[in-house]
Amino acid sequence: MNRLETQLPGLNLKNPVMPASGCFGFGREFGGLYNLNDLGAIMIKATTVEPRFGNPTPRVAETAAGMLNAIGLQNPGIDGVMNNELPWLEQFDVPIIANVAGSTEEDYVEVAKRISTAANVQALELNISCPNVKTGGIAFGTIPEVAKSLTKKVKEVSVVPVYVKLSPNVTNIVEMAKAVEDGGADGLTMINTLLGMRLDLKTAKPILANKTGGLSGPAIKPVAIRMIHDVSQQVNIPIIGMGGIESAEDVIEFFYAGASAIAVGTANFVDPFVCPKIIKDLPELLDQLGFDHISECTGRSWN
Amino acid sequence: MIVNEHCSIVSQREIAENIYELILHGELTSKMNEPGQFVHVKVASGYAPLLRRPLSIAHVNKENQEFTLIYRKDGRGTAILSSKKTSETVDILGPLGHGFPIEETKAGETAVLVGGGIGVPPLYELSKQLVKKGVNVKHVLGFQNHAAVFYEDKFKSFGSTYVTTVDGSHGTKGFVTDVMNELSFDTIYSCGPTAMLKAVEAGYATHKKVYVSLEERMGCGIGACFACVCHTADDPFGFSYKKVCTDGPVFKAGEVVL
């Protein structure tokens, strides 16, 4: 028995561990370090209709137990991703979850329609929570009705299941989750980064050229755990959890909170070998805790 | 081939004001082939600080499996690193990036190596490798003041060495470009603050062989996070870009927007 095998809408995963979008590019860099077939899935970098250069530098700033980033959705655009990145990833036996971003509903719909037809894309992750772009992104992620409408429109055109990535920068995360579930979402991914800022001691000005950025890393793990704990009890769709995961122990904690799979983000920047390490460590941890299969852990905090 | 290894400290000493020379022992030394490459250093386990620090490789001794890092104690991370003692280990990821193209200077030709402050260290390994292939080397090294000067004698052992200081407390008062104008050479290899690189690039715009090594805030160091991108010179406001960590840190002058 494969104790890590995980079934989710559209996704038949060898294990529930995958790199988070924006923290793994399109896989090429990590492909030189280890066999990408080891991964449960890959969440590729956000794709928009047109190519984007992103924000000016500095784009990252370190914080206590975390980092701020304001990359600004740099990507080669839907044509570049369809023609160059996804075909390269076809050499691996790994499902791809394509992160879809945009400034208008039409943008999201166009990217979703095209990218969902790629041979190895088995699910979409609707990015309604990027804090680093001027228009779109987070606007769709903070108003329940807007998020629901967008989810509905993307569901109409996508030929693969749609997961919606929730922003933690809201007053009521459960309300947002329920809205996108009503809109037809097949699953949730959560959480995206928390909006933050750092100031330079000498200049008194923000370190990031974009002024604000998204906070990620171990610092945000308790926020993610709390939100997944609250949301998972109120919706009937699975959650892929993320936010500061860097060890097998963290993975189990996310499952206890209510996640059915997890993604690793910032930890890839500190230790590029972290994903295969976590996958290797999980069976022994399940032994220690007395579980046959990792799915037994989901929702144990409230179930 | 990028390796993650805990390297043991052979020695660490302060060689100028707040400038430290750290010699490490590790098998990954065998992978260090291009002068100008860097390693990504985790100065402490845990979250304080969380991210690695990119430091250039100043010298490689493959026989002893030792390599040298020279850095300035300038913040929390480098302060922690500077307090490490012999026999402790340091978590190293590397070697990373593309270094200086030594093949661009033939035996018998002359290269001038231009460094500013904490941009000087990678030029030492570069000079060693150029001399080994029969290139005549000249060094122009700029520092803030006399207290900040390091490795002057070591560079002198490879070729003529000119030192400038901003305040004139050592060598020639002024900037590296003031001295460069007096010299003749076939190739320029340069590493230092952006203002210095811009001056070198502007002063030698028609020179065919000018190479500059850039410094930028980095996240992952392996090309995945897109923190250290810069525009390409032929498309300064468009979508084309280079990553300092993997496409660089060394670029041909005029290739990217400084």
Side-chain angles (χ1 to χ4, degrees), chain A residues 19-20 22-34 45-46 48 50-77 80 201 207-209 213 216-219 221 244 246 265-274 277, chain B residues 1-6 31 40-54 74-78 80 91-94 96-97 194 214-232 235-247 256-258:
Chain A
C23 301
F24 208 73
F26 294 92
R28 290 178 193 268
E29 295 77 17
F30 293 84
L33 301 180
Y34 60 85
K45 196 159 168 44
T48 53
E50 301 293 337
R52 287 199 194 194
F53 180 82
N55 292 322
T57 58
R59 294 174 166 189
V60 295
E62 201 170 28
T63 64
M67 67 182 280
L68 292 169
N69 89 79
I71 306 299
L73 298 182
Q74 181 161 21
N75 79 96
L201 197 58
I207 290 176
L208 296 173
S216 63
K221 198 182 94 177
E246 56 155 30
T266 302
N268 288 295
F269 300 156
V270 180
D271 176 5
F273 300 94
V274 68
K277 269 181 202 161
Chain B
M1 180 69 194
I2 300 168
V3 180
N4 184 205
E5 186 178 348
H6 286 78
K31 321 270 187 206
H40 221 14
V41 183
K42 185 92 170 79
V43 298
S45 59
Y47 307 146
L50 178 71
L51 299 175
R52 291 172 181 272
R53 269 55 182 161
D74 202 20
R76 220 157 32 99
T78 43
I80 293 170
D91 180 347
I92 301 285
L93 182 73
L96 302 173
T194 305
L214 272 58
E215 189 177 47
E216 180 59 86
R217 244 169 222 274
M218 287 183 190
C220 67
I222 63 170
C225 75
F226 289 78
C228 64
V229 298
C230 49
H231 285 281
T232 56
D235 184 24
F237 305 105
F239 308 118
S240 68
Y241 64 92
K242 295 281 181 186
K243 299 174 194 164
V244 174
C245 66
T246 49
D247 297 315
V256 298
V257 178
L258 294 178

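By convention in this document, chain letters (A, B, ...) are assigned in the order of the sequence lines, proteins followed by strands, and residues within each chain are numbered from 1. Keep in mind the model is a prediction, meaning the values are calculated, not measured.
A pairwise comparison of heavy atoms in Cys225(B) and Ile71(A) identifies O-CD1, 3.3 Å as the closest pair. The two residues Ala224(B) and Cys23(A) come nearest to each other via the heavy atoms CB-O, 4.4 Å. Taking each heavy atom of Arg52(B) and Val270(A) in turn, the nearest pair found is NE-O, 2.6 Å.
Between Phe226(B) and Asn75(A), the closest side-chain pair of non-hydrogen atoms is not below 4.5 Å. Within the 4.5 Å cutoff, side-chain heavy atoms of Leu50(B) are placed close to those of Pro218(A).
Between chain B and the options Pro56(A), Gly25(A), Gly217(A), Ala65(A), the largest number of non-hydrogen pairs under 4.5 Å is found for Ala65(A). Ranked by heavy-atom pairs under 4.5 Å with chain B, the first of Pro272(A), Ala219(A), Gly27(A) is Pro272(A). Most heavy-atom pairs under 4.5 Å with chain B, from the set Gly66(A), Ala267(A), Gly22(A): that is Gly66(A). Across Phe273(A), Phe24(A), Phe269(A), the residue that shares the most heavy-atom pairs under 4.5 angstrom with chain B is Phe269(A).
Counting only distance, with no hydrogens or angles, the side chain of Arg217(B) and the backbone of Thr57(A) share no donor-acceptor pair below 3.5 Å.
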Is there a side-chain contact (heavy atoms from CB on, under 4.5 Å) between Arg59(A) and Val229(B)? Walk through the geometry before answering.
CA-CA 9 Å; Arg59(A) 294 174 166 189; Val229(B) 298; 3.0 Å; yes

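Under the ring-ring contact (aromatic ring centres under 6.0 Å, His included) criterion, Tyr47(B) pairs with no residue at all, not counting sequence neighbours. Under the ring-ring contact (aromatic ring centres under 6.0 Å, His included) criterion, Phe53(A) pairs with His231(B), not counting sequence neighbours.
In this structure, chain B has a heavy atom under 4.5 Å from the side chain of Ile207(A), while its backbone stays farther away. For Glu246(A), the part lying near chain B is the side chain, with the backbone staying farther off; criterion is any non-hydrogen pair under 4.5 Å. Both the backbone and the side chain of Ala227(B) come within contact range of chain A, with heavy atoms under 4.5 Å apart. Using a 4.5 Å cut-off between heavy atoms, Phe26(A) does not touch chain B at all.
The existence of a salt bridge linking Glu62(A) and Arg53(B) is confirmed by a sub-4.0 Å separation between a basic side-chain nitrogen and an acidic carboxylate oxygen.
Here the CG-NZ distance, from Asn4(B) to Lys277(A), works out to 5.5 Å after rounding to the nearest 0.5 Å. Residue Lys243(B) holds its NZ atom at 8.5 Å from CD of Gln74(A), rounded to the nearest 0.5 Å.
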